[in-house]
Asks: 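First the structure, then my questions, so here it is.
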Amino acid sequence: MTLRLYNTLTRAKDVFTPIDPKAVRMYVCGPTVYDYAHIGNARPIIVFDVLFRLLRHLYGADHVTYVRNITDIDDKINARAKEEGVPIGDLTSRTTRQFHQDIAALNVLEPTHEPRATGTIPEIVALIEMLVAKGHAYEAEGHVLFDVPSMKDYGKLSRRPLDDMIAGARIDVAPYKRGEMDFVLWKPSTPDLPGWDSPWGRGRPGWHIECSAMSWKHLGETFDIHGGGIDLIFPHHENEVAQSRCAFGLKVMANIWMHNGFLQIDGQKMSKSLGNFLTINEVLNDWPGEVVRFNMLRTHYRQPIDWTVKGLEESTRILDGFYNTAASRLTEDVRIAAPVLEALCDDLNTPRAIAELHALDRPNFQMELGATLNALGFTGRHVEEKAAKIDEHKVNELIAARIAARAAKNWAESDRLRAAIDALGVVVMDNKDGTTSWEVKS
């Protein structure tokens, strides 16, 4: 089946043709670990997990390499560690551990490699040395900067007007810059900040060069797919392209660039000032991870998503309905039904894939539904966890008391006991002979 993916570089759905079908390679920008990851950060984690699963299905699990990085050296990290009065390593270890715990609940596969910027310093230094040697970077006052005018087609990925690019580059305004758009590859570190020895003195890398070095280390000079949020197109991904292409003298860094859309909370941009800022951890306190995952996939990855309680409730109802139909077939097999696969091969059209799941939501397709759900990361784990928490002895006691109340025609007490049973997450089945069974609510 032909896989087509929307390519930000070409602004079109391109047929995916891997450089080497036996070694498909994908890089996705991961979190900067200075705090809890917000719910918007979960979107690329889930979207590219689905793509990872799809690529494994099409090319074989042993033929796909997925790299998702951890940025553990950054000015935000330095500022937060100073604010908390803790060593930087302690902060990044704690926040990375929390990130892993949060995304594990989303049923995402572990990437093949998860490099950290601090573990890639030799490659970062080597890459900067290449750029300096080729005339694409220069040293100034202990800094090394990329010389943007040295790259004739800079801006090809984002296609922004020159004035917009200049405005974006002014984050790094400094008197030692030759050009307004030049950006930092290496900067000096004071004794209280993390730093490494380099040909330009003790210092630390800029953000953009970290991803160029990590992708090069694990995937090579050119690879198949680079992904991330739409907010990373400029300047981060544009600058990655510039660094990697100029260092290696290539026309492309990655053949296909994919970007997921923004996430809004009840129609508004998520913001701490608006009081609607949600972390993944906070959302998981109220909703099962598989529901969060499903809710993300009900909107096409390139479209903005409106995150609402109503949407989560609807996702819970739909997903539990699928689980009720699939029942024991959920974990028996891992394969994607043909109509769902066709939808996913059309630029990860997950809303259409979910529509095809609805078509399988019937007893005679139980096996196909269960296998497909399982392949897409939906195992019914939260239903099992919910069932495991039920105190069966307590439920049976309440049911016996309710039977006695009904026999005594004490309807108020009967209703109170039914509500108590309901609160335990259980549904009782009544018939003309009385209460005969109960089951865990889906």
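The first residue of the sequence shown is numbered 1, and numbering continues consecutively from there.
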Asks: For Cys211 and Cys29, which heavy atoms make the closest approach, and how far apart are they?
Replies: SG-SG, 3.9 Å

Asks: Does Asp72 offer a backbone N or O that forms a donor-acceptor pair with the side chain of Arg116 under 3.5 Å?
Replies: no

Asks: Is the side chain of Gln243 donor-acceptor paired with the backbone N or O of Ile209 at a distance under 3.5 Å, no angle test?
Replies: yes

Asks: Can you name the residues that form a salt bridge (Lys or Arg N to Asp or Glu O under 4.0 Å) with Glu314, not counting sequence neighbours?
Replies: Arg317

Asks: List the residues meeting side-chain hydrogen bond (donor to acceptor under 3.5 Å, both in side chains) with Gln264, not counting sequence neighbours, and say none if there are none.
Replies: none

Asks: Could you list the residues that satisfy side chain to side chain contact (heavy atoms under 4.5 Å, CB included) with Phe99, not counting sequence neighbours?
Replies: Pro31, Ala37, Ile45, Arg68, Ile70, Ile103, Glu114

Asks: What heavy-atom pair brings Cys246 and Phe146 nearest, and what distance separates the two atoms?
Replies: SG-CZ, 3.8 Å

Asks: For Leu55 and Phe16, run side chain to side chain contact (heavy atoms under 4.5 Å, CB included): C-alpha distance rounded to whole Å, both residues' side-chain angles, the deciding distance at 0.1 Å, then the answer.
Replies: CA-CA 10 Å; Leu55 293 172; Phe16 176 64; 3.9 Å; yes

Asks: With His259, which residues qualify under side-chain hydrogen bond (donor to acceptor under 3.5 Å, both in side chains), at least two apart?
Replies: Thr8, His237

Asks: Please examine the side chains of Leu106 and Leu284, heavy atoms only from C-beta on, and report whether any two atoms are closer than 4.5 Å.
Replies: yes

Asks: For Val148 versus Asp182, what's the shortest heavy-atom pair and its separation?
Replies: N-OD1, 3.0 Å

Asks: Hey, could you give me the CD1/CG distance between Ile225 and Leu51, rounded to the nearest 0.5 Å?
Replies: 5.0 Å

Asks: Is it true that, when you exclude Glu282 itself, more than 12 heavy atoms of the residues, nucleotides or ligands shown sit nearer than 6.0 Å to its CD?
Replies: yes

Asks: If you round to the nearest 0.5 Å, how far is CD1 of Ile354 from CZ of Phe322?
Replies: 7.0 Å

Asks: Verify, without hydrogens or angle tests, whether Arg298 (side chain) and Pro351 (backbone) share a donor-acceptor contact under 3.5 angstrom.
Replies: no

Asks: Contact between Asp333 and Asn374 at the side-chain level, heavy atoms closer than 4.5 Å - yes or no?
Replies: no

Asks: Would a distance-only check, ignoring hydrogens and angles, find a side-chain to backbone donor-acceptor pair under 3.5 Å from Asn69 to Pro115?
Replies: no

Asks: Decide yes or no on side chain to side chain contact (heavy atoms under 4.5 Å, CB included) for Leu58 and Leu341, but give the supporting numbers first.
Replies: CA-CA 10 Å; Leu58 295 172; Leu341 181 61; 4.3 Å; yes

Asks: Please check if atom NZ in Lys269 has more than 12 non-hydrogen atoms from other residues, nucleotides or ligands closer than 6.0 Å.
Replies: no

Asks: Hey, could you give me the CZ/CD1 distance between Phe277 and Ile265, rounded to the nearest 0.5 Å?
Replies: 9.5 Å

Asks: Taking C-beta and beyond as the side chain, do Ser215 and Arg25 meet within less than 4.5 Å on heavy atoms?
Replies: no

Asks: Kindly compute the distance separating CZ (Phe294) from CG (Leu357), expressed to the nearest 0.5 Å.
Replies: 7.0 Å

Asks: What residue pairs, at least two apart or across chains, pass side-chain hydrogen bond (donor to acceptor under 3.5 Å, both in side chains) with a residue in residues 343-356?
Replies: Lys13-Asp346, Tyr301-Asp347, Arg302-Asp347, Glu342-Arg352

Asks: Just by distance, do the side chain of Thr92 and the backbone of Gly89 share a donor-acceptor pair under 3.5 Å?
Replies: yes

Asks: Do the side chains of Ile121 and Val125 get nearer than 4.5 Å, heavy atoms only?
Replies: yes

Asks: Which residues pass the side chain to side chain contact (heavy atoms under 4.5 Å, CB included) test with Ala247, not counting sequence neighbours?
Replies: Leu127, Met130, Leu131

Asks: Identify the two heavy atoms, one from Thr372 and one from Ala337, that lie closest to each other, and give their separation to 0.1 Å.
Replies: OG1-N, 3.0 Å

Asks: Are side-chain heavy atoms of Asn41 and His38 found at a separation under 4.5 Å?
Replies: yes

Asks: Can you list everything that forms a side-chain hydrogen bond (donor to acceptor under 3.5 Å, both in side chains) with Lys187? Sequence neighbours excluded, please.
Replies: Asp75

Asks: Kindly determine whether Val292 and Ile39 satisfy side chain to side chain contact (heavy atoms under 4.5 Å, CB included), including the steps that lead there.
Replies: CA-CA 9 Å; Val292 174; Ile39 189 62; 4.1 Å; yes

Asks: Can a cation-pi geometry be assigned to Arg56 and Phe52, taking NZ or CZ under 6.0 Å from the six-membered ring centre and within 45° of the ring axis?
Replies: yes

Asks: For Ile73 and Ile77, work out which heavy atoms get closest and say how close.
Replies: N-CD1, 3.7 Å

Asks: Strictly distance-based, threshold 3.5 Å: is any side-chain N or O of Arg43 a donor or acceptor partner for the main-chain N or O of Met296?
Replies: no

Asks: Working to the nearest 0.5 Å, report the span between CH2 of Trp257 and CG of Leu157.
Replies: 6.0 Å

Asks: I'd like to check the ring pair (Phe, Tyr, Trp, His ring centres under 6.0 Å) partners of His100; sequence neighbours left out, ordered by chain and number.
Replies: none

Asks: Counting distance only, does the side-chain N/O of Ser244 pair as donor-acceptor with the main-chain N or O of Val241 below 3.5 Å?
Replies: no

Asks: Answer yes or no: is there a side-chain heavy-atom contact under 4.5 Å between Lys217 and His113?
Replies: no

Asks: For the side-chain contact (heavy atoms from CB on, under 4.5 Å) test, which of Leu3, Val50, Leu297 pairs with Leu348?
Replies: Val50

Asks: Before accepting this row, confirm whether a basic side-chain N of the pair Asp49/Arg53 lies closer than 4.0 Å to the acidic partner's carboxylate O.
Replies: yes

Asks: Within the 4.5 Å heavy-atom criterion, are Met214 and Val67 side-chain neighbours or not?
Replies: no

Asks: Do Arg293 side-chain atoms and Pro288 backbone N/O form a donor-acceptor pair below 3.5 Å?
Replies: no

Asks: With rounding to the nearest 0.5 angstrom, report the OG to CZ distance, Ser198 to Arg204.
Replies: 12.0 Å

Asks: Please report the shortest heavy-atom distance between Leu319 and Glu290, naming the atom on each side.
Replies: CD2-O, 3.5 Å

Asks: Suppose the criterion is side-chain hydrogen bond (donor to acceptor under 3.5 Å, both in side chains): which pairs have a residue in residues 148-157, not counting sequence neighbours?
Replies: His136-Ser150, Asp153-Arg245, Tyr154-Asn239

Asks: Using only atom types and a distance under 3.5 Å, with no angle test, would you say the side chain of Asn107 pairs donor to acceptor with the backbone of Gly377?
Replies: yes

Asks: For Asp192, what residues pass the side-chain hydrogen bond (donor to acceptor under 3.5 Å, both in side chains) criterion, not counting sequence neighbours?
Replies: Thr190

Asks: For residues 218-234, which residue pairs qualify under side-chain hydrogen bond (donor to acceptor under 3.5 Å, both in side chains), counting only residues two or more places apart or in two chains?
Replies: His226-Glu240

Asks: Applying ring pair (Phe, Tyr, Trp, His ring centres under 6.0 Å), which residue pairs with at least one partner in residues 72-96 are found, sequence neighbours left out?
Replies: none

Asks: If we ignore hydrogens and angles and just use 3.5 Å, is the side chain of Gln366 paired with the main-chain N or O of Thr325 as donor and acceptor?
Replies: yes

Asks: For a side chain to side chain contact (heavy atoms under 4.5 Å, CB included) check, start with the C-alpha distance between Thr379 and Leu330, then their side-chain angles and the critical distance, and finish with the verdict.
Replies: CA-CA 6 Å; Thr379 63; Leu330 270 170; 5.8 Å; no

Asks: Tell me whether Asp74 is salt-bridged to Lys76, with the criterion being a basic N under 4.0 Å from an acidic carboxylate O.
Replies: no

